[in-house]
Amino acid sequence: MTNQPLSTPPTPAPELFTWEFATDPYPAYAWLREHAPVHRTKLPSGVEAWLVTRYGDAKQALADPRLSKNPAHHDEPAHAKGKTGIPGERKTELMTHLLNIDPPDHTRLRRLVAKAFTPRRVAEFAPRVQELTDHLIDQFAASGSADLIHEFAFPLPIYAICDLLGVPREDQDDFRDWAGMMIRHGGGPRGGVARSVKKMRGYLAELIHRKREALSDVPEPGEDLISGLIRASDEGEHLTENEAAAMAFILLFAGFETTVNLIGNGVFALLTHPEQRARLQASLGVKDSSLLETGIEELLRYDGPVELATWRFATQPLSIGGQGIAAGDPVLVVLAAADRDPARFADPDTLDLGRRDNQHLGYGHGIHYCLGAPLARLEGRSALATLLTRLPDLQLASDPAELRWRGGLIMRGLRTLPVEFTPVRGTGHAPTVVS
């Protein structure tokens, strides 16, 4: 995409990272795309960073090897130390995961994880995801109302990723508590995220040790992901204990919050676009999965779970969209802005579940493309299809304008999603995910 000369802004630059901005950031991103597509700003943490908002620039930046994922390349003042990642990950030696490293270490670790986290493993997990989906709906179906974030969108991916990793069922509620603290960001007690990260790291180290001790010589059917990671490591490629714990941690962390927001944002978008919701329900009613498949991609584009890609740092002076970036500067690619760029998508502010030309950046691009995207898509399809089939008259129980969005930097998601529907008695149900 060729950048045109920027026009003189008719209005002042929008204020970013306010509560109003969190509710609907898209007008501000449209202003930035037109007038300041590579924009330097001070973040709420005090760190200054460049925001990249146009699709072409974003796609280029996501794949540019001069933009490192390693925070060691950040030319940061002392007060900014530790403000560019997950709270507590430095102190607990959880930095060596795929979101913080570059090749060749990234290549080695991703290859190891890919051996354990295969498309076949995800596909074989589909019945368990459906079982969890139905079980969670059973818990509130008879009441006629629910908060779909806390009662459905949040626990579904937590229990799913715990099962996939091999966390024993009796320990999974602890993970739910730790994850709940992490997802609240600034809404919990001071230091709560770091404490939860520390507890999770200690647990994972112990679990990895136990699983290594009990690992059989030959893989067993349905072997869990942590055992698969250990086995891949033991077959000639080195994975340290810290790397194993960090990989399990980031699979859990990245694997649940993105899916919470995919489900929450997706249901909200459907309930506020009744004509699109009706299209999808009609398609599901005749066991046609095509609109569900394209619909998940459109929901990822329209109001996806990841607002900004994770941190990148310039390793040398470079130019993005004609803007000079100094070595050591942080760069944040705004996926939410790029995926509404009219230079790439026709009618980008329109939700169209049947959209075909939809090469969105919702799960990134290049070597850091989200490894867990197939699992998130599986969970999203199961959640939406089952909700709309079992609770066909589902509707919002509050004014959309009254809903509050979490004020994080990277993720975008609702704090609550109150809904109401005709109560459904009994828990008998037929499978609702179409193949």
Practice prompt. For D329 and A314, indicate whether the former's side chain and the latter's backbone hold a donor-acceptor pair under 3.5 Å.
Written response: no

Worksheet entry | From CA spacing to verdict: ring pair (Phe, Tyr, Trp, His ring centres under 6.0 Å), Y26, F21 | CA-CA 8 Å; Y26 296 103; F21 170 83; 9.0 Å; no

Worksheet entry | Any side-chain donor near an acceptor of the partner, T259 and E379, under 3.5 Å | yes

Worksheet item: Do we see a donor-acceptor contact under 3.5 Å between the side chains of S290 and D288?
Response: yes

Worksheet entry | Closest non-hydrogen atom pair, L215 against E223 | CD1-OE2, 3.9 Å

Discussion item. Under a plain distance cut-off of 3.5 Å, with no hydrogens placed, do E48 and T41 share a side-chain donor-acceptor pair?
Written reply: no

Discussion item. I'd like to know if the side chain of R425 reaches the main chain of P423, judged simply by a donor and an acceptor atom lying under 3.5 Å from each other, with no hydrogens or angles considered.
Written reply: no

Worksheet entry | R277 and Q281 side chains, donor-acceptor separation under 3.5 Å | yes

Discussion item. Regarding Y363 and R377, do their side chains bring together a donor and an acceptor under 3.5 Å, going by distance alone?
Written reply: no

Worksheet item: Is there a donor in the side chain of S68 and an acceptor in the side chain of T315, or the other way round, less than 3.5 Å apart?
Response: no

Worksheet item: Any salt bridge between D177 and K199, counting N to O under 4.0 Å?
Response: no

Worksheet item: Within 45° of the ring axis of F345 and under 6.0 Å from its six-membered ring centre, is that where the NZ or CZ of R301 lies?
Response: yes

Discussion item. Under 3.5 Å, is there a donor on one side chain and an acceptor on the other for Y159 and D173?
Written reply: yes

Discussion item. Tell me if a side-chain donor or acceptor on E151 pairs with a main-chain N or O of A146 at a distance below 3.5 Å.
Written reply: no

Worksheet entry | Any side-chain donor near an acceptor of the partner, D174 and Y203, under 3.5 Å | no

Discussion item. Checking E307 against N261: is there a side-chain donor and acceptor pair closer than 3.5 Å?
Written reply: no

Discussion item. Less than 3.5 Å apart, any donor N or O on the side chain of D147 or T416 sitting next to an acceptor on the other?
Written reply: no

Worksheet item: What do you reckon, are the aromatic ring centroids of F268 and W405 less than 6.0 Å apart?
Response: yes

Worksheet item: Would a distance-only check, ignoring hydrogens and angles, find a side-chain to backbone donor-acceptor pair under 3.5 Å from Q276 to L353?
Response: yes

Worksheet entry | Side-chain donor-acceptor pair present, D349, Y302, cut-off under 3.5 Å | no

Discussion item. I'd like to know whether E213 forms a salt bridge (Lys or Arg N to Asp or Glu O under 4.0 Å) with R210, so could you lay out the CA-CA distance, the side-chain angles of the two residues, the decisive distance to 0.1 Å, and finally the verdict.
Written reply: CA-CA 5 Å; E213 291 290 312; R210 293 205 314 263; over 6 Å; no

Worksheet entry | Residue pair P103 / I367: nearest heavy atoms and the distance that separates them | CG-CD1, 3.7 Å

Worksheet entry | The single option from I149, T23, L414 passing side chain to side chain contact (heavy atoms under 4.5 Å, CB included) against L403 | L414

Worksheet item: Between T133 and A383, which heavy-atom pair has the shortest distance, and what is it?
Response: CG2-CA, 4.1 Å

